[in-house]
Amino acid sequence: PNREKLHRKAIVQSGSRLKELRKMQVPTLLIHGQQDPLIHWRHSLKLSRIIPDNELVLLKHMGHNRRLEDVGVVCPKIIHFISSRGGASL
């Protein structure tokens with residue numbers, strides 16, 4: 001079976017969670033690849049307007065799945081996010 005097709009079907013069937021996302025009470029880091037073939041990166045822009053206390057990181061060359069090469073870009077973003085919100089210094 002085509003995994004991409006099954007993934008898209010699951011996304012559609014799960015329905016919208018936007019109402020619940022407005023109620024989130026934890027700092028949220030949104031990381032999205034601009035080459036994502038399943039979920040367009042503009043969806044993350046919408047989420048960043050809905051979710052309170054969030055930071056959006058768009059990665060120009062990343063798709064839906066992270067690659068080993070992305071670790072050097074993604075990890076520092078995560079560390080910065082955690083430490084900027086009073087988390088443990090890493």
Side-chain angles (χ1 to χ4, degrees):
N2 183 336
R3 287 188 283 166
E4 184 175 317
K5 191 174 183 179
L6 290 173
H7 194 141
R8 284 183 193 277
K9 184 178 178 182
I11 291 168
V12 171
Q13 287 180 340
S14 68
S16 176
R17 296 182 183 94
L18 296 179
K19 187 176 178 181
E20 290 83 9
L21 292 174
R22 293 180 200 283
K23 300 174 189 177
M24 287 183 61
Q25 297 182 8
V26 296
T28 304
L29 177 61
L30 302 165
I31 300 176
H32 202 123
Q34 290 184 295
Q35 303 301 317
D36 188 335
L38 294 176
I39 302 169
H40 198 280
W41 62 269
R42 287 190 184 104
H43 186 70
S44 290
L45 292 176
K46 183 176 183 178
L47 292 177
S48 72
R49 289 186 215 109
I50 291 171
I51 298 172
D53 192 14
N54 77 81
E55 183 176 324
L56 173 60
V57 175
L58 295 173
L59 299 173
K60 188 175 185 177
H61 300 289
M62 192 169 85
H64 189 74
N65 297 313
R66 273 90 32 230
R67 304 166 300 154
L68 188 55
E69 300 86 44
D70 298 323
V71 171
V73 175
V74 173
C75 286
K77 303 285 186 187
I78 295 169
I79 291 168
H80 171 75
F81 179 78
I82 292 169
S83 61
S84 71
R85 289 187 167 54
S89 56
L90 304 171

Check for me, please, whether [X] and [Y] land in the same ILVMFWY cluster - side-chain distances under 4.5 Å, paths through other members count.
X	Y	answer
Phe81	Leu47	no
Leu56	Ile50	yes
Trp41	Ile31	no
Leu18	Met24	yes

Gln35 and Leu59, any side-chain heavy atoms less than 4.5 Å apart: no
Val57 vs Val74 side-chain heavy atoms within contact, under 4.5 Å: no
Work out which heavy atom in Ser44 is nearest to a heavy atom in Leu58; give both atom names and the distance. CB-CD2, 4.5 Å
When every non-hydrogen atom of Ser14 is compared with those of Arg17, the smallest separation belongs to CB-NH2, 3.3 Å
Are there over 12 heavy-atom neighbours, none belonging to Gln25, within less than 6.0 Å of that residue's CD? no
Ile79 CD1 to Lys77 NZ distance, which is reported to the nearest 0.5 Å: 12.0 Å
Does [X] use its side chain to pair, donor to acceptor, with the backbone of [Y] at less than 3.5 Å?
X	Y	value
Asn54	Leu29	no
Thr28	Val26	yes
His32	Arg42	no

I'd like to know whether Arg85 forms a salt bridge (charged side-chain N to carboxylate O under 4.0 Å, His left out) with Glu55, so could you lay out the CA-CA distance, the side-chain angles of the two residues, the decisive distance to 0.1 Å, and finally the verdict. CA-CA 11 Å; Arg85 289 187 167 54; Glu55 183 176 324; 3.7 Å; yes
